[in-house]
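Single-structure report; data block below.
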Number of protein chains: 2
Amino acid sequence: MSRPRAFDPDCVLDAARGVFETHGYEAASVQDLVDATGLSRSSLYAAFGDKHGLYLAALDRYSCAGGDALAQTVAAAAAPLDGIRAYLALVAEGGGCFLVNAAAERAATDPDTAGRAAEAWNRLHAAFADALRAAQADGALAPERDADALAATLGATVYGLRGMQSAGAPPEARVVVAETAFAALVGGA
Amino acid sequence: MSRPRAFDPDCVLDAARGVFETHGYEAASVQDLVDATGLSRSSLYAAFGDKHGLYLAALDRYSCAGGDALAQTVAAAAAPLDGIRAYLALVAEGGGCFLVNAAAERAATDPDTAGRAAEAWNRLHAAFADALRAAQADGALAPERDADALAATLGATVYGLRGMQSAGAPPEARVVVAETAFAALVGGA
DNA sequence: CTGTTTCTGGAACAGTCGTTCCAGAAGGTG
DNA sequence: CACCTTCTGGAACGACTGTTCCAGAAACAG
């Protein structure tokens with residue numbers, strides 16, 4: 001069976017994601033990736049093809065984990081609207097988003113990244129829309145409200161919170177935004 | 001008085017902004033900038049110092065023009081809330097934002113860009129807050145509403161619309177978000 | 001322990017990057 | 001017309017980029 005690989009691909013991808021997230025795609029050199037992952041150049045290239053392939057692999061892993069986080073947060077809540085509120089709070093307090101930054105930097109020129117960015121947006125929208133329709137079935141949200149429009153606006157709020165973080169807005173300001181948006185869109189207001 | 005310069009700095013900066021906006025900072029080569037601006041390498045370096053200086057100059061020019069657009073849109077409207085609505089519509093239909101993309105790509109590592117991103121956010125927030133307080137004085141907005149929180153949330157919506165565009169969301173979806181957010185935050189809802 | 005297969009580390013590659021420099025052209029002044 | 005200052009175009013620089021290649025080490029099968 002030959003010699004097995006001596007590294008964990010997921011750990012490598014997490015390390016690579018960290019480099020790409022802080023430096024951006026272009027500014028992240030292969031040397032940075034070698035240092036961060038602990039692998040040698042040859043092993044990196046053998047495992048992921050090239051820099052672009054490693055980037056996409058890191059993006060996919062992050063996208064998968066991020067989608068799970070959203071689904072779990074919404075599912076763990078007692079009521080659908082509580083899940084939405086909890087997820088907004090999570091985003092407000094959490095750090096920047098690899099996918100949103102990736103979209104801003106590369107979606108215009110890299111179709112692969114653009115596809116993943118679009119997919120991530122659709123997943124976010126769908127998760128919010130499902131929760132909103134569940135809330136309507138529960139009677140927690142008025143049935144005449146447009147669930148798709150509200151879901152898109154909540155998604156835009158998530159992206160706005162990421163953008164605020166890039167712009168240096170403090171966490172308290174982001175929490176205020178998350179609460180204000182939630183209250184105005186689906187909350188008691 | 002010697003020979004006057006044969007180019008318009010503002011035109012050069014607009015061309016440079018176009019290159020930086022579509023490629024990002026790192027992926028934009030000096031050769032791209034030379035081709036787009038029509039200047040020679042020497043003239044570019046003599047006028048702006050280096051690539052980073054040219055980038056900041058383009059950022060400043062864009063920031064100035066963008067700030068004027070916001071102020072003018074709000075000032076031209078019959079009522080403050082109409083101005084806000086018009087600006088949101090403008091952002092929803094307009095293209096990506098150089099400053100938001102710049103913040104996403106470079107604010108984490110470049111203090112100069114970070115400072116300009118923070119400044120732009122503050123200006124956006126202040127413009128919205130001023131309009132909202134004017135609306136409260138007019139009686140168009142209930143005086144007990146928190147103008148600062150609403151202004152921050154409107155600002156986040158603007159950033160969210162930019163992010164949606166990077167993620168490939170179609171203009172119609174962005175218009176829906178702009179209208180939904182406006183209605184829920186300060187509109188008739 | 002031998003053979004085989006795979007992974008590993010580092011050297012080497014061509015290409016491009018941002019930047020600098022210098023000779024020459026171009027306009028304004030006396 | 002001659003002078004002088006400034007801008008211009010292009011060649012040249014070293015450094016670094018992503019990528020490839022090759023010899024050697026390491027782990028499994030028999």
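Values below: every heavy atom of this structure, side chains too, minus hydrogens, waters and symmetry copies.
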Plane angle bin for B:Phe98 and B:Phe20 - parallel if under 30°, tilted between 30 and 60°, otherwise perpendicular: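 If you compare the ring of B:Phe20 with that of B:Phe98, the planes turn out parallel.
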How sharply is the helix from C:dC1-D:dG30 to C:dG30-D:dC1 bent, taking the axes over five pairs at either end and rounding to 10 degrees?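 About 10°, once rounded to a multiple of 10°.
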Between atom CG of A:Leu33 and atom CZ of A:Arg41, what is the distance when rounded to the nearest 0.5 Å?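 Answer rounded to 0.5 Å: 9.5 Å.
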Hphob cluster co-occupancy, [X] + [Y], side-chain heavy atoms under 4.5 angstrom:
| X | Y | answer |
| --- | --- | --- |
| B:Tyr55 | B:Tyr45 | yes |
| B:Phe48 | B:Val30 | yes |
| B:Tyr159 | B:Phe182 | yes |
| B:Leu90 | B:Val158 | yes |

If I take atom [atom1] in residue [X] and atom [atom2] in nucleotide [N], what distance separates them, rounded to the nearest angstrom?
| X | N | atom1 | atom2 | answer |
| --- | --- | --- | --- | --- |
| B:Gln31 | D:dG9 | CD | C1' | 12 Å |
| A:Tyr55 | D:dT17 | OH | P | 18 Å |
| A:Glu26 | C:dT16 | CD | C1' | 12 Å |
| A:Phe7 | C:dG9 | CZ | C1' | 14 Å |
| A:His23 | D:dG18 | NE2 | P | 12 Å |
| A:Leu44 | D:dT20 | CG | P | 13 Å |

Strictly by modelled atom types, are A:Asn101 and A:Glu105 linked by a side-chain donor-acceptor pair under 3.5 Å?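 Checked: A:Asn101/A:Glu105 side chains show no N/O donor-acceptor pair below 3.5 Å.
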B:Asp32 and B:Ser29 side chains, donor-acceptor separation under 3.5 Å: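 Yes, side-chain donor-acceptor contact under 3.5 Å.
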Measure all distances between protein nitrogen or oxygen atoms and nitrogen or oxygen atoms of nucleotides 10-13 of chain C, and list the pairs falling under 3.5 Å.
residue : atom : partner : partner atom : Å
C:dG10  : O6   : A:Ser42 : OG           : 2.3

Less than 4.0 angstrom from a charged side-chain N to a carboxylate O is my criterion; do B:Glu26 and B:Arg106 meet it?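 Yes, this pair counts.
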Near-strand residues of residues 45-54 of chain A, defined as heavy-atom separation under 4.0 angstrom from DNA chain D: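 Contacts with DNA chain D under 4.0 Å: A:Tyr45, A:Asp50, A:Lys51.
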Test salt bridge (Lys or Arg N to Asp or Glu O under 4.0 Å) on A:Arg133 and A:Asp138; report intermediate values, then the result. CA-CA 9 Å; A:Arg133 275 189 265 270; A:Asp138 288 356; over 6 Å; no
Any side-chain heavy-atom pair of A:Val74 and A:Asp130 under 4.5 Å: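 A:Val74 vs A:Asp130: side chains apart.
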Touch check for A:Ala28, heavy atoms < 4.0 angstrom, all strands: base, sugar-phosphate only, or nothing?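 Sugar-phosphate, no base atom in range.
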